[in-house]
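The block underneath contains the structure these notes are about, expressed in structure tokens.
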Amino acid sequence: MRKTCCDNKEEMHRGTWSKQEDQKLIDYITQHGEGCWRNLPKAAGLLRCGKSCRLRWMNYLRPNLKRGNFSEDEDDLIIRLHALLGNRWSLIAGRLPGRTDSEVKNYWNSHLRRKLIKMGIDPNNHLISHYLHRKSLEFWTENSRRETDGSLLSDTGSSCANDQQPIRSLPDLNSLPSIHP
DNA sequence: AACCGGTACAACCGCTTGTTA
DNA sequence: CTAACAAGCGGTTGTACCGGT
């Protein structure tokens, strides 16, 4: 059996990184650069596996990371790129300066997926399904009913009941601009 | 105040890919 | 060509936090 950098788990720290661990990693990489991740933990005096160090550095400690809320432009770009590339998070993140694949993936799963579903768009294929289309119409109808205090809107979504083809929701996927800092 | 469910995000895991001897 | 290894990637899990009851 081949030994990986994470095999001696009993000696490894796991879970959330402490400030001291972060600082050790930052100090080491600042001084020596990103060398061999397998040997880095020992050299830096960290009881972590190389993989864990790499992840921590790439996603959270690296300089020039943006962090914080995504802008509308970034939202839009992620959605368009996802429609084109699928779950290729590193490729998508590559077009968003200061963002990591992990951050984009998490943001997609916790925000954008829901946002698309609310809009009646299937986040898996970026199409408006009949079910979702109907559901979104119901959602908006229900909302406007509440707002207009009881005025009834009839026949929700029936206008597309005979349309068997899904509706393309993202017409312009040809130009895929990246966001420049 | 205590509990509960939902959300956001950090971290882990296993697989794939690229490189080198 | 192939085996071994390091690095990268994407899916999944764990957990802290927050708002509602």
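Letters A, B, ... are given to chains in the order of the sequence lines, protein chains preceding strands, and every chain is numbered from 1.
Proximity of Asn87(A) to the phosphate of dG11(C): a side-chain N or O atom is located under 4.0 Å from OP1 or OP2. At dA11(B), none of the side-chain N or O atoms of Arg48(A) fall inside 4.0 Å of OP1 or OP2 (strictly under the cut-off). Phosphate proximity of dC9(C) to Arg88(A): absent, as no side-chain N or O sits under 4.0 Å from OP1 or OP2. Side-chain nitrogen and oxygen atoms of Arg38(A) include none within less than 4.0 Å of the OP1 or OP2 phosphate oxygen of dA7(C). Taking side-chain N and O atoms only, Thr16(A) has no distance below 4.0 Å to OP1 or OP2 of dA16(C). In terms of phosphate contacts, Ser90(A) brings a side-chain nitrogen or oxygen within less than 4.0 Å of OP1 or OP2 of dG10(C). Under 4.0 angstrom from either OP1 or OP2 of dC5(C) there lies no side-chain N or O belonging to Trp37(A).
What separates NZ of Lys105(A) from P of dG11(C) is a distance of 7 Å, to the nearest Å. Nucleotide dT15(C) holds its P atom 18 Å from the CH2 atom of Trp17(A), rounded to whole Å. Rounded to an integer number of Å, the gap from CG of Leu55(A) to P of dG10(C) is 13 Å. Summarising the geometry, the separation between CD on Glu103(A) and P on dG10(C) is reported as 15 Å, rounded to the nearest angstrom. Atoms CG (Asn39(A)) and C1' (dA6(C)) sit 10 Å apart, rounded to a whole Å. One interatomic measurement links the two molecules: CG of Leu40(A) to P of dA6(C), which rounds to 13 Å at whole-angstrom precision. Spacing between atom CE of Met58(A) and atom C1' of dG8(C) amounts to 8 Å, rounded to whole angstrom units. Protein atom CD1 of Ile92(A) is 10 Å distant from nucleotide atom P of dG11(C), rounded to whole Å.
Side chain of Arg95(A) to main chain of Leu91(A): no donor-acceptor pair is present (N/O by atom type, distance under 3.5 Å, no hydrogens or angles). Proximity of a side-chain donor or acceptor of Arg113(A) to a complementary backbone N or O of Asn109(A) within less than 3.5 Å is not detected.
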Given side-chain contact (heavy atoms from CB on, under 4.5 Å), test Glu74(A) with Leu77(A) step by step and report yes or no. CA-CA 5 Å; Glu74(A) 287 176 310; Leu77(A) 186 58; 5.7 Å; no
At a cut-off of 3.5 Å, list every protein nitrogen or oxygen paired with a nitrogen or oxygen from nucleotides 6-9 of chain B, distance to 0.1 Å.
residue : atom : partner   : partner atom : Å
dA8(B)  : OP1  : His111(A) : NE2          : 3.4
dA8(B)  : OP2  : Ser110(A) : O            : 2.6
dA8(B)  : OP2  : Arg114(A) : NH2          : 3.0

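Between Trp108(A) and Trp89(A), the ring planes lie tilted relative to each other; the angle falls in the 30° to 60° range. Ring orientation note: the planes of Phe70(A) and Tyr107(A) are close to parallel, at an angle under 30° on the 30°/60° scale.
Between the CG atom in Leu40(A) and the OG atom in Ser52(A) there is a gap of 11.0 Å [rounded to 0.5 Å]. Here CZ of Arg88(A) is found 12.0 Å from CG of Leu81(A). Values are rounded to the nearest 0.5 Å.
Comparing dA7(C), dC15(B), dG11(C) by their closest approach to the side chain of Lys51(A) singles out dC15(B).
Between Cys36(A) and Asp101(A), the residue anchored nearer the 5' end of DNA chain C, judged by the nucleotide with its closest heavy atom, is Cys36(A).
Base pairing of dA1(B): no nucleotide in any strand meets the Watson-Crick or G-U wobble criterion (both distances under 3.5 Å).
A salt bridge between Asp76(A) and Arg80(A) is present, with a side-chain N of the basic residue lying under 4.0 Å from a carboxylate O of the acidic one.
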